[in-house]
2 protein chains.
Amino acid sequence: MNETQTSDSQETEGEIGLVRFEDFACLETFSFDDGQSIPGFTLRYETYGRINADRTNGILICHALSGDHHCAGIHSLRDSKTGWWNNMIGPGKPIDTNRFFVVSSNCIGGCQGSSGPSSINPATNRPYNLAFPAVSIRDMVRSQRLLIDHLGLNGLDAVVGGSMGGMQVLQWGIEYPGFVRRLIPMATTSRQGSQSIAFNEVGRRAIMEDPEWQKGEYPPDGGPRVGLSIARMMAHITYLSDKGMDRKFGRRRRGEGGDTSPFEVDFEVESYLRHQGRSFIDRFDANTYLYFTRALDYFDLPGQYGSLEEAFRDLASRVLVVGFTSDWLFPPSQNREVVQAMLRAGKRASYAEVELDLGHDSFLVESPELYELVRAFLAETENPSSAT
Amino acid sequence: MNETQTSDSQETEGEIGLVRFEDFACLETFSFDDGQSIPGFTLRYETYGRINADRTNGILICHALSGDHHCAGIHSLRDSKTGWWNNMIGPGKPIDTNRFFVVSSNCIGGCQGSSGPSSINPATNRPYNLAFPAVSIRDMVRSQRLLIDHLGLNGLDAVVGGSMGGMQVLQWGIEYPGFVRRLIPMATTSRQGSQSIAFNEVGRRAIMEDPEWQKGEYPPDGGPRVGLSIARMMAHITYLSDKGMDRKFGRRRRGEGGDTSPFEVDFEVESYLRHQGRSFIDRFDANTYLYFTRALDYFDLPGQYGSLEEAFRDLASRVLVVGFTSDWLFPPSQNREVVQAMLRAGKRASYAEVELDLGHDSFLVESPELYELVRAFLAETENPSSAT
């Protein structure tokens, strides 16, 4: 039945290779949780693998704050870097493209081809900027659902994602209970905590206090580059861990000398962070950073539904939540809490904690333990129609 | 023998009340670790209690990055706030001013009356700004020693401080082994780690990328107010804890309404942080922030002395190191490490871990457990000459 299955696919890992993105243009009015609406929108996405005959082998990948739709393969043979989850997705990999049709969608409010503050407002022929409606995690999920319908999928075999992607995964399960067979939220939370709101607020301040921000009305080739890079540098620290940074950078110096000021880059960790800040501003829009951090801050399932058990009342998916020991942004306790509430609500959920010292970003790194968890969970409740 | 001891002083806690600062002007050339020197310097300080007959009852308080010399009492009857460690220092308090002569000194490189980048360079009659020599923790300690000598003290009964103050405490024990009877470093480290360097670097970037910084040559009434407040907001998060912030602020909204932009202050934690940023820029100099964070970053006892045991080889003081369970800036492990190295070096050192959920700033808050530890340790090896 599975159109792409080959006899040795489960044994040998391969690469997806060249991929290209597509744009889904929805021509119908989209209403946001904040009450505003826009007359249609675009979502940029990529797909890997092939749809099976009954169109039930779809897996949706949800990306994190600074991620995008390009999560596997390469766009050109000259690309030195693959998509951000290439280690997880591909032929014979944990999310096996020999078996699954993988859809990776950009988020509404974004800046990488999907409709967001930098898109042109048809009413004014100028960028929306702050006139773009506030975006919630639920808005992201509802717009993705329209994409999935457009692709003609009969439900999804799984929705998978970490961090902000994990919030979308939870929201998918709540919003479309009959539609999604499995959920794998990782390194996430059911409710943005005070410390995370605080870090986001500092990032927003850095952007909005930058004179180049111009109340959001900066030109497409300009913008608050300093503020955005400061926000990114700070946020990047929260994605790592004390121990991981000590192992990776320690107190090593760059030893280039020549700098007369003691306040210039000297330690390797400073150079690394500055590079993170600088490369981010070339690929990310400052207003989208404001929109997405607010989507995170307002994410509060217990607050929204009365309680976390109540939020999960209609959940019909099987769930594997994965937390990471060194993640201090969305620590293991917050991931465990999700599963505990699901179990109290009588759902089929399990929790796995992976020991990695790379902090919040652990879900992105090579980890045989994580691969095995994902592989086993996706094998577990195998849909007969997509079996070998 | 003790000039100030009263019969019931140990029983009743009182307030120090009105205090005033003094300026110690050292007219001799001071040479910094970086090889540069200045022709004299000023340290601003306060004292509480009275010197005993043999001048052996001195306790030096070392302040943290954003602290100052005003650690107890009030400057005016109109003051609504006391000094920053008023709960710890006073008549009958853990650091008992009925028994001890407490000296609280500002740091060289500072901006609150002591010589630092904003001081006038006599060679140019203009502020030093970045021409001020780089400041190390050891420079702070060596300049404080000159103050202690100026006050005519025959050694110190104790040196006490948290965070950057704790680094100074350790350096005091290493630098002047026969001079200090007891050390109480708290919430500190023997070596600035990668993550802390990273946070400091983001703060420095925020300051130095602010156009108002003007390569450090801003006018006395100007400066990088935006950058400094961003740096302070971010740093302030690292002084608290996830749990402490959730308890104090949670996801509570200010509920004032009226703001049309979703990116303005909404959560209480945002309002609190913004206030922290704004009030800091009125009392702190941006260049001093650069100097002090670099002093922290370059603090590395094992690196400087070959190993931590070697650093403590000549130590002659008794030591009580206090770590705090929720401190993730200088976590318990880093405090414990100090004591373990001292014990390996054959020194008299003990470690106490206080369970408080207020993060790094735990050493500043009311804590009967901490008070009892300090009180007992200061009673323990009481000098006969200052006994009742």
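Lettering follows sequence order; numbering is per chain, from 1.
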Query - Residue pair A:Val269 / B:Ala198: nearest heavy atoms and the distance that separates them - result: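 That closest heavy-atom pairing would be CG2-CB, 4.0 Å.
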Drop me the distance from [X]'s [atom1] to [Y]'s [atom2], to the nearest 0.5 angstrom.
X        : Y        : atom1 : atom2 : answer
A:Thr238 : B:Gln195 : OG1   : CD    : 9.5 Å
B:Ser194 : A:Arg247 : OG    : CZ    : 11.5 Å
A:Glu268 : B:Ile197 : CD    : CD1   : 11.0 Å

Measuring heavy-atom distances to chain B, does [X] have an atom under 4.5 Å in its side chain, in its backbone, in both, or in neither?
X        : answer
A:Gln276 : neither
A:Asp297 : both
A:Leu130 : side chain
A:Ser241 : backbone
A:Leu273 : side chain
A:Arg205 : both

Requested in this report: Below 4.5 Å from any heavy atom of chain A, which atoms of B:Glu212 appear? Answer side chain, backbone, both or neither.
Outcome: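 No part of it gets close to chain A.
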**Report entry** Lys/Arg N to Asp/Glu carboxylate O, B:Arg278 vs A:Glu209, below 4.0 Å
**Finding:**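 Salt bridge absent between B:Arg278 and A:Glu209.
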Query raised in the report: Are A:Arg274 and B:Glu201 within salt-bridge range, i.e. N to O under 4.0 Å?
Result: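 Salt bridge between A:Arg274 and B:Glu201, a charged N being under 4.0 Å from a carboxylate O: yes.
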Tell me which of these, [options], has more heavy-atom pairs under 4.5 Å with chain A than the rest.
options                                : value
B:Met233, B:Met234, B:Arg294           : B:Arg294
B:Phe199, B:Phe249, B:Phe263           : B:Phe263
B:Asn200, B:Asp210, B:Asp246, B:Val226 : B:Asp246

Query raised in the report: Taking the side chain from B:Arg251 and the backbone from A:Gln192, do they hold a donor-acceptor pair closer than 3.5 Å?
Result: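 Here the side-chain-to-backbone pair exists.
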Query raised in the report: When heavy-atom pairs shorter than 4.5 Å are enumerated against chain B, which of A:Ile237, A:Thr293, A:Leu240 gives the highest number?
Result: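 Option with the top pair count is A:Ile237.
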Query raised in the report: What about the rings of A:Tyr298 and B:Phe267, do their centers lie closer together than 6.0 Å?
Result: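 Yes.
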Report task. Would you sort out whether A:Trp328 and B:Asp242 count as a side chain to side chain contact (heavy atoms under 4.5 Å, CB included), showing the intermediate values? Result -> CA-CA 9 Å; A:Trp328 58 276; B:Asp242 191 24; over 6 Å; no
Report task. Verify the neighbour count for atom CD of A:Glu355: are there more than 12 heavy atoms of other residues, nucleotides or ligands below 6.0 Å? Result ->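 No - once you tally the heavy atoms of other residues, nucleotides and ligands closer than 6.0 Å, there are 12 at most.
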